Amino acid sequence: MKYDIIVIGGGHAGCEAAHAAAKLGSKVLMITQNLETIARMSCNPAMGGVAKGQILREIDALGGMSAVVTDESMIQFRMLNRSKGPAMWSPRAQCDKKLFEKKWRYILEQNKNIDFKQDTVKNLIIKSNKVCGVITMLGNQIFSNTVILCSGTFMNGIIHLGLKNYKGGRSGEPSAKGITKQLIDLGFEHGRMKTGTPPRLDGRTIDYNELIEQAGDKNPGSFSFTNTSKLSNQLSCFITYTNSKVHEILQEGFEKSPMFTGRIQGIGPRYCPSIEDKIDRFKERERHQLFIEPEGRETVEIYLNGFSTSLPEEVQVEALRHVKGLENAKLFRAGYAIEYDYFPPTQLNYSLETKLIKNLFFCGQINGTTGYEEAGCQGLIAGINAHRKCKGLSQFILKRSDAYIGVLIDDLITKGTDEPYRMFTSRAEYRLLLRQDNADIRLTKIGYEIGLIDRKRYDKLESKINTVKKLEKTVKKISAEPIKFNSILSNKKSSQIKQKLKLDSLLSRPNINFNDLKNGSNKLSEFINDNNINKLEEEQVEINIKYGGYLKREKDNVEKSKRLEDVKIPDDFEFHKLHSISSEAKEKLSSINPKTIGQAKRISGVSPADVNVLLVYMGR
């Protein structure tokens, strides 16, 4: 049979792509080398974190499933950066690795629009610059209207462990060959990247009495805006540190390190360096933090976060002998590095469809990103757009002001990346608007309009928005009386009031929170109880009031930037014929072929003067 969409790869990008497209009504085939490793957490068994938690909530708000799977498999939840402003609050979960895989596979198998095949794709079927199927290692020709390639680290993957290296896409799994050469022959640029993973330890051999416990939040939250099961019986993580002796042992092994002997050519992640890279680059640091993280409830296997390495196994073992609490630790698996092929994402459109070959979509690490969340959101967007391409619908695009997902995709296709791309809050210029707490308010209506969110969930969102508006209006209407509030203000070291003041004025103070208002105002408490208002809705109102001025300024900036985003550039515009812009700008503009003046402005090497010239040519 012929499929609407073939998804190559069963990782986090592939799962979201297959789920989204199939839920929208496309007939999907997922081809993966091993059906037992669908949604495997190849590295850290955790989801979320700074900026990544925001992406995960955005995936959920649009109708993706990564947040639901995380909630159903997590063993610890923490909200990071609570001491900072709400733009920085980031949820993070430690997950049960095996349960995560099981939940994802169950969800995919429940959709009758998804078929599965355990095989390896060796070539794409291309006709007239359009992909129309795949050829597998077993000799099968399978036809489709579109193909989504989300190959992770498998394309020409090479695993490095000391001076040894061997072909593999992940420990114990073969690499994939053939597609890279075909894409290069078709005219695609490509490169090599590198990532790594730390050793896994036998938890029974760790002395936890010597470690610093890191427990989860007392009242754990969740990632999904749906009614997922509440986390109970959390498992703790633990912290320890390297020391000068550990560094000395690791440095002695540098002569056998593939990083320092030149065996690894690919560029590694800047913000998640290997332990040998850390002690080489930061020689002044006497110690580095290590996190002891459980891989699940029914295993003693431990992930040693912060100790990613490709040094020989015997060096890893000897170094760990001198880490506090790990003196007798045994290794289940040694850490290793892996090199793999990627294709610079400037060769993509906003839909994640390639510019060179129609109906071919790239998502995940093939685009130079790192991280489950970055991969998952790309898979979601690629799945939506592949479906829409099959149905003759317009492409689905999120702007930088809509979501972190929009920031990520715009960064990739406009700026490109020559090192593994990781999302940070600092990459989003409108991060106060793009918070984790309001992802549903920003995106669930969009998910409903494209068909991934059902009516019941959309109505629930509308009810929440109306409740928040009513509560905010009430807070601005009720007055605070000095006799009731001054003791509260005194305890919070905030100046007392001499006359009645509206509650929103008090809430604007940095050290006053919503609970203080409820403690001082019976009217407000009664209103909240009568209307069954929950903590999350109170939090929305507190943020809206406390940061109202900043939010308004960011919204004004969004409106200003939209003026440039609305100025379209014709697809066939010939940038190289412009005489009044720099040679670098001509080269970059011709290569990336921006769709709007706003996108052109964000391209490295395009100056404000170049943008002004373009505006003149566009009649502005």
Side-chain angles (χ1 to χ4, degrees), residues 41-46 49 76 92 94-95 97 153 159-162 164 170-171 194-208 210-214 236-254 256-260 264 268-296 299-339 370-372 420 422:
M41 304 181 99
S42 307
C43 202
N44 192 358
Q76 188 196 77
R92 183 186 187 275
Q94 197 72 23
C95 294
K97 185 175 181 176
T153 60
I159 291 173
H160 295 269
L161 181 54
K164 303 171 187 174
R170 185 163 52 201
S171 180
K194 167 253 175 186
T195 189
T197 193
R200 303 323 196 263
L201 308 180
D202 182 343
R204 298 169 300 181
T205 62
I206 294 172
D207 185 355
Y208 289 96
E210 295 294 320
L211 307 179
I212 303 166
E213 185 175 9
Q214 187 180 51
S236 290
C237 297
F238 295 84
I239 296 172
T240 187
Y241 293 89
T242 62
N243 52 56
S244 57
K245 181 61 178 177
V246 173
H247 296 181
E248 181 185 323
I249 294 168
L250 292 172
Q251 284 176 313
E252 288 173 359
F254 280 5
K256 296 179 181 178
S257 166
M259 262 185 55
F260 296 111
I264 292 178
R270 179 189 300 263
Y271 301 104
C272 189
S274 64
I275 189 66
E276 54 264 43
D277 198 21
K278 288 179 188 176
I279 62 175
D280 181 60
R281 285 166 50 191
F282 307 107
K283 293 182 174 64
E284 73 284 357
R285 296 281 297 274
E286 294 182 358
R287 66 177 191 173
H288 293 283
Q289 200 170 43
L290 303 177
F291 296 89
I292 312 296
E293 300 177 338
E295 295 227 331
T299 180
V300 296
E301 189 169 355
I302 295 296
Y303 181 92
L304 186 58
N305 197 343
F307 204 88
S308 175
T309 182
S310 57
L311 288 166
E313 183 172 357
E314 62 271 17
V315 176
Q316 297 181 35
V317 171
E318 180 60 25
L320 291 176
R321 291 277 177 269
H322 298 274
V323 175
K324 192 173 184 180
L326 306 184
E327 292 87 352
N328 299 306
K330 294 179 181 178
L331 267 63
F332 274 0
R333 290 181 283 165
Y336 63 87
I338 182 166
E339 278 188 291
T370 181
Y372 308 139
R422 176 181 175 176

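Sequence positions, counted from 1, serve as the residue numbers for this chain. No hydrogens, no waters, no symmetry mates; every other heavy atom, side chains included, goes into these values. Predicted model only: the values in this text are computed from it and were never measured.
A donor-acceptor distance shorter than 3.5 angstrom exists from the side chain of Gln76 to the backbone of Gln214, with no hydrogens or angles considered. Arg333 places no side-chain N or O within donor-acceptor distance of the main-chain N or O of Leu331, the cut-off being under 3.5 Å. With Gln316 contributing its side chain and Gly335 its backbone, the two residues share a donor-acceptor pair below 3.5 Å. Panel note: side chain Thr240, backbone Lys324; a donor-acceptor pair is recorded below 3.5 Å. With hydrogens and angles ignored, the 3.5 Å screen pairs no side-chain donor or acceptor of Asn44 with any backbone N or O of Asn305. Judged purely by atom type and a 3.5 angstrom limit, Tyr303 has no side-chain atom pairing as donor or acceptor with the backbone of Pro45. Panel note: side chain Lys278, backbone Gly306; a donor-acceptor pair is recorded below 3.5 Å. When atom types are taken as modelled, the side chain of Thr370 and the backbone of Arg422 share no donor-acceptor pair closer than 3.5 angstrom. For the pair Tyr208 (side chain) and Glu213 (backbone), a donor-acceptor distance under 3.5 Å is absent. Proximity of a side-chain donor or acceptor of Thr299 to a complementary backbone N or O of Gly296 within less than 3.5 Å is not detected.
The minimum heavy-atom distance linking Tyr372 with Ser42 is given by the pair OH-N, 3.4 Å. The two residues Ser308 and Glu276 come nearest to each other via the heavy atoms O-OE1, 3.8 Å.
In this structure, Glu210 places its CD atom where more than 12 heavy-atom neighbours from other residues, nucleotides or ligands lie under 6.0 Å away. More than 12 non-hydrogen atoms from other residues, nucleotides or ligands lie less than 6.0 angstrom from CZ of Arg200.
A salt bridge is absent between Arg321 and Glu318: the closest approach of a Lys/Arg side-chain nitrogen to an acidic carboxylate oxygen does not fall below 4.0 angstrom.
Of the listed residues (Leu250, Thr309, Leu311, Asp277), just one forms a side chain to side chain contact (heavy atoms under 4.5 Å, CB included) with Ser257, and that residue is Leu311.
Proximity of Leu290 to Ile239: side-chain heavy atoms (C-beta onward) are nowhere separated by under 4.5 Å.
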